[in-house]
Amino acid sequence: MSPAPGPQARYRESRAQRWTLYAAGALFFTVLVSMVGWVAWHFSTPPFRYQLYAYRILSDQTVEVTFEVTKDPDKAVSCTIRALNDYREEVGRKNVVVSAGERQLRVTETLRTRGRAVMGEVRECRLVGEE
């Protein structure tokens with residue numbers, strides 16, 4: 001009677017099983033890296049960018065806001081500008097549509113306020129039709 005095989009012989013992986021495990025791991029790693037790369041690229045290239053360049057207090061009832069929008073020339077963007085008082089309360093708001101046709105456009109808008117403003121800002125911008 002021959003002795004029973006030891007645990008190593010009983011649980012030894014064959015070369016085919018090991019190769020399959022390595023291939024599955026490599027495939028999983030490749031898919032994971034591809035997904036992370038796509039997500040990073042997608043969120044690092046927004047469809048548009050905007051930047052406040054200046055604001056100027058013209059009077060107790062008006063503020064001039066200058067900002068720049070960089071976007072796809074085929075898209076239109078709607079930006080909300082606003083004026084704030086000493087307490088950072090909103091005293092004026094206006095939606096400005098930057099139409100399609102230009103890739104980069106600097107916009108200057110005059111905003112009427114209901115009190116003395118101390119600053120103007122671009123609150124947000126959105127693609128027209130995706131609001």
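Quick note: residue numbers are just sequence positions, from 1.
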So is Arg106 actually on top of Tyr53's ring, under 6.0 Å and inside 45° of the axis?
yes
Where is the tightest heavy-atom contact between Glu90 and Arg114, given as atom of each residue plus distance?
O-NH2, 2.7 Å
Closest non-hydrogen atom pair, Val63 against Gly120:
CG1-CA, 4.3 Å
Close side-chain approach of Leu52 and Val65, heavy atoms under 4.5 Å
yes
Could you go through the side-chain contact (heavy atoms from CB on, under 4.5 Å) check for Thr80 and Arg93 one step at a time?
CA-CA 7 Å; Thr80 302; Arg93 174 185 286 245; 3.6 Å; yes
One should read off an interatomic distance between Phe67 CZ and Leu105 CG, to the nearest 0.5 angstrom, of 8.5 Å
Closest non-hydrogen atom pair, Gly115 against Val91
O-CG2, 4.1 Å
Is the shortest heavy-atom distance from the side chain of Gln61 to the side chain of Arg116 under 4.5 Å?
no
Where is the tightest heavy-atom contact between Glu109 and Val96, given as atom of each residue plus distance?
CG-CG2, 3.6 Å
Spell out, as yes or no, whether a donor-acceptor pair under 3.5 Å connects the side chain of Lys71 to the backbone of Ser99.
yes
Audit row: Val98, Val107, side-chain contact (heavy atoms from CB on, under 4.5 Å) steps and yes/no:
CA-CA 8 Å; Val98 179; Val107 179; 4.0 Å; yes
Close side-chain approach of Val69 and Gln104, heavy atoms under 4.5 Å
no
Please determine, by modelled atom types, if Asn95 and Ser78 share a side-chain donor-acceptor pair under 3.5 angstrom.
no
For Val118 and Ile57, the nearest pair of non-hydrogen atoms, with its separation, is C-CD1, 3.9 Å
Test item: Thr113 side-chain N/O and Asp60 main-chain N/O as donor-acceptor pair under 3.5 Å
yes
Counting C-beta onward and ignoring hydrogens, is there a side-chain heavy-atom pair between Val77 and Cys79 closer than 4.5 Å?
yes
Enter the distance from Thr110:OG1 to Leu58:CG here, rounded to the nearest 0.5 Å.
6.0 Å
Note, Thr70 side chain near Arg103 side chain (heavy atom, < 4.5 Å)
yes
Would you say Asp72 and Phe48 make side-chain contact, with heavy atoms under 4.5 Å?
no
All heavy atoms of Asn85 vs all of Tyr87, minimum pair found to be OD1-N, 2.9 Å
Taking salt bridge (Lys or Arg N to Asp or Glu O under 4.0 Å) as the cut-off, I'd like each qualifying pair that reaches into residues 35-59, sequence neighbours left out, listed once.
Arg56-Glu64
Glu121 versus Leu84: any side-chain heavy-atom pair under 4.5 Å?
yes
Is any NZ, NE, NH1 or NH2 atom of the basic residue among Arg126 and Glu124 found under 4.0 Å from an Asp or Glu carboxylate oxygen of the other?
yes
